[in-house]
Amino acid sequence: MQKSIERIAGDSEGVSYEFPVFRFDGTDKAGSSAYLQAALHAGELPGVVAIDALMPMLEKAEAEGRIKGSIIVVPQANPIGRAQYHFGEHQGRFHLGTRTNFNRGFPLLAAPDVELLPDTTLGTADQRLKTRLLQLSIGHDIVLDLHCDDEGLAYLYVHARLWPAMADCAAAMGVDAVILWDEDTDGTFEGASITPYLNLPAEVARFDRRVATTVEYRGILDVDGALAGADAEGLYRLLVARGVILDQALSTPGSFTGIVAPLENIDMMPAPRAGAVLYDVKPGDRVAKGALLATIVHAPGEAGGRTQLFAPQAGIILTRRSRRIIRGGEDLLKLVGDSKSADARAGTLED
Ligand SMILES: [Zn+2]
């Protein structure tokens, strides 16, 4: 394993950012290769501690000569967001300098060729970081981008072209749900990882061996040793299932039994009023159409000071907010409906 340090120059004199990159060279040049990164949204740490638990497993496999394909690991992909504090609160989702989401605005290339990427010396620091991350990841058969939600189940976003071929990965990782999407107009990292292959002939794109996914490791507070260990084992099982690592002791993953739904089935439930949120449901709950989801207390102590929200269709609660303060129009939760949402929104994913 080799460690190197990437440097991204800041946008003013005297400022620069660094992040470590770990490389494991495989013994078989034809073996499937993998790229893993965490904390692109810099405050989302469940994936960071999962990688911390995974690294000793990779080092053991390397010492025993069991790593076939090359592996690149970036445990903390966003040193710019990591450093952003605003009035004492960490802000790792948007770049404060440009107000751009760190998981939007990645270049969507026409082919998986790093030569097509913008010059890494151009643009603002966040744009140059994005270009560098793509440069590191493009060309790998397996690209995993580890995130988390507010409060939620463990779930994956997967492009529809990779499903059901990726069902073994979902089973290996032990996630609860898979959300399928089919068009990225915003330039998410996942979109930038799979879009270059979509117009290639099938024998070149090799969707049967390709993996690209945004992994949502539950909620922002689920930074926990036991979960990290279980998630590391899930990542390791995926790498074994896809032939990146050899491990005779592991059996092949069974079939995936979790929820699989298209993105258009998700109801986000925008709040009709500002106030304090009282949830009546939590992630994992199955709800019937018309079930009470939440009550917003907008005029405390007054008659008519509460507004209730009901499920527009039957489904499963995937996520909810981690804070209980809300403004009008902000989304209250993600309900994975049994059919298409009347409020289905365009776009890639809600990460
Ligand atoms: Zn995220």
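When a ligand or atom number is given, it counts from 1 through the structure's own listing order.
Side chain to side chain, Ser341 and Asp343 fail the donor-acceptor criterion of an N or O pair below 3.5 Å.
Distances from the Zn ion (ligand 1) show that His41 has an N/O/S atom below 2.8 Å. Put simply, Glu216 stays out of reach of the Zn ion (ligand 1), with no N, O or S atom under 2.8 Å from it.
Look at Asp208 and Arg242 and you find no salt bridge, because none of the NZ, NE, NH1 or NH2 atoms lies under 4.0 Å from a carboxylate O. Salt-bridge annotation for Asp126 and Arg128: absent, with no side-chain N of the basic residue lying under 4.0 Å from a carboxylate O of the acidic one.
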Quick one: do Glu151 and Lys282 satisfy salt bridge (Lys or Arg N to Asp or Glu O under 4.0 Å)? Show the steps, please. CA-CA 9 Å; Glu151 289 181 18; Lys282 61 184 185 308; over 6 Å; no
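Take the Zn ion (ligand 1) as the corner point: the lines to OE1 of Glu44 and to ND1 of His147 open at 90°, to the nearest 10 degrees.
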